[in-house]
Structures are given as C-alpha cells and as structure tokens.
Amino acid sequence: MENLESADLRRLLDAAAALAATTGRAALRELAVGILFDLVPATRAGWVSIDLTTGVMSGSHLPEPIPFVIPLMPRDLADVPMVTELLAAPQPGSLRISDTLTEAEWHARPLYQAVYKPMGGDHQIGSLLSVDNGLVETLAVFRADSDFTDRELALVEGLAQQVRATLGRLRAMEARDARGLLTPRHRQVLAELETGATVRQAAIALGITEKTLENHLQAIYRRLGVSSRTAALHRLTG
C-alpha cells in the first residue's frame, strides 16, 4: 500500500464498508465490479468466473455487458497470459498485462486482436480472487489510452484483498446453508467424488449402481441450484 495516498485509503475504507454488508455472491460480483469501475479511470471493468473442469466462463462487466467476449476466450488458460501469471504466483495478487508481456508481444497475440482490442483493452490490471474446487474467480479493469500506474495497481489490489475476504466469508456461510439442503446419502456421494474418484469408482465404493449414483447427482444439482460436480463441491466446501 506504499504507493497509495490518504484519499485512496479513504476510498478503500468506504469500499470495505459496502462489501461488509454483502450477503450473496451475485450481489458481491455486481458491487465489486461497480466499485472497481469507479476506482480508476478505465474503459471497462469486469468479474470473470472460470470453471477449470469444463472450461465454461461467465462474467459481469461495466459499463455494459460484453457477451461476445466469453465465447471467444480460449479454453486453454495457457493462452491467456494474465491468468497464467496470476495462477502461477505463490498467492493471489494483481498484475498489469505490461508486467508479463511487452506491448509488441501483447499486440501480436490473437487473443488481443480478437478480444481485447475491440473492447479497448490495450492495458489491463487483472486480480486473482480465488481458486476453489476448480473454479477461478478474477477481477479485471481495462483501458485503451495509457498503462496503469503503480498507484493504480496498488489501489486495485487493495480492493481485491477486500473482495477476497468477503468471498471467504460468503463461502463459509453458503457451505453451512448448502449442507442443510442435502440428505446424508447425498453428502456421502459428494464426499466420494471429492476424492477425485470417477462416477464408477464412487458407485463401487458406495455399493450402488452408476445409474443410482447419477440419479443422486441430479438430485444434488437441483437442491443446490448448480449444474456440475465442480459447482456442487464448491458450494459445499465454501
């Protein structure tokens, strides 16, 4: 925080107060993107969730949704330099695209030409919020005309730290609520799958058929309001 000014710290304190009142993940996502968009001069800001198991991405952006982006994003995160660097770091943090690539290298990437250039994303700060049961949560802010300063990077990371703490609180709360929605048998099924077992291996361990286990999974998904094993485990473990 050494690059921050007193006014910056006051803005982060205001953000912390707003985040502390958040009671759900959807609300957190919208609030965090709104705060980020106001925090530094930017073309746009967004929150993107990436399911590492399925490659499915979802997101929320300001000043308007950009639905064309998600289908164009590569499913192999090795092709997304910012995410690759953030995931390789020893702990969650924030980076500028210029911290990982030169401008010439970035502009030569097909990803830049197809996705970031059309939405004014010449310059970017990306923040890794969490990696939990295969679900990656990120915040990002973009602009076209000039790179982000060290102060702006510190400001964004200050917000990201608050969002990480809020996510942790909401995960713990959701996990407690989710467990109450499942039967003891449902929890046994997910416990087996959490070890990395296949459906066949889990069925054998539980002494049931694969069809019965699949039926249990579908019931679990309905009760938790999710559509995949990764999402179900994420809700249960927080």
So [Y] and [X], do their side chains get closer than 4.5 Å, heavy atoms only?
X    : Y    : result
E85  : L101 : no
S58  : R29  : yes
V83  : L128 : no
R200 : I204 : yes
F148 : V141 : yes
S127 : T138 : no
I97  : P81  : yes
W47  : L36  : no

message: Minimum heavy-atom separation for T43 and R143, please, with both atom names.
response: OG1-CA, 2.9 Å
message: Parallel, tilted or perpendicular, judged at 30° and 60°: which one describes the rings of H186 and H216?
response: perpendicular
statement: NE2 of H123 to CG of D145, rounded to nearest 0.5 Å, is 7.0 Å
statement: CG of L224 to CG of L190, rounded to nearest 0.5 Å, is 7.0 Å
[X] (side chain) donor-acceptor with [Y] (main chain) under 3.5 angstrom:
X    : Y    : value
R229 : E194 : no
T212 : I208 : no
R44  : H61  : no
E192 : A203 : no

task: Step through the shown structure and confirm whether more than 12 heavy atoms of other residues, nucleotides or ligands are within 6.0 Å of CD on E210.
output: yes
message: I'd like to know if R25 and E30 make a salt bridge, using a cut-off of under 4.0 Å between side-chain N and carboxylate O.
response: no
query: Is it true that K117 and D122 have a side-chain N and a carboxylate O under 4.0 angstrom from each other?
result: no
message: Pairing donors with acceptors under 3.5 angstrom, does anything connect the side chains of Q161 and R164?
response: no
query: Quick one: do the T183 and R223 side chains pair a donor with an acceptor below 3.5 Å?
result: no
task: Test side-chain hydrogen bond (donor to acceptor under 3.5 Å, both in side chains) on E137 and S130 and set out the steps.
output: CA-CA 5 Å; E137 304 279 12; S130 71; 5.3 Å; no
query: Going through the checks in order, is the salt bridge (Lys or Arg N to Asp or Glu O under 4.0 Å) test met by D150 and R96?
result: CA-CA 9 Å; D150 290 346; R96 291 166 292 208; 2.8 Å; yes
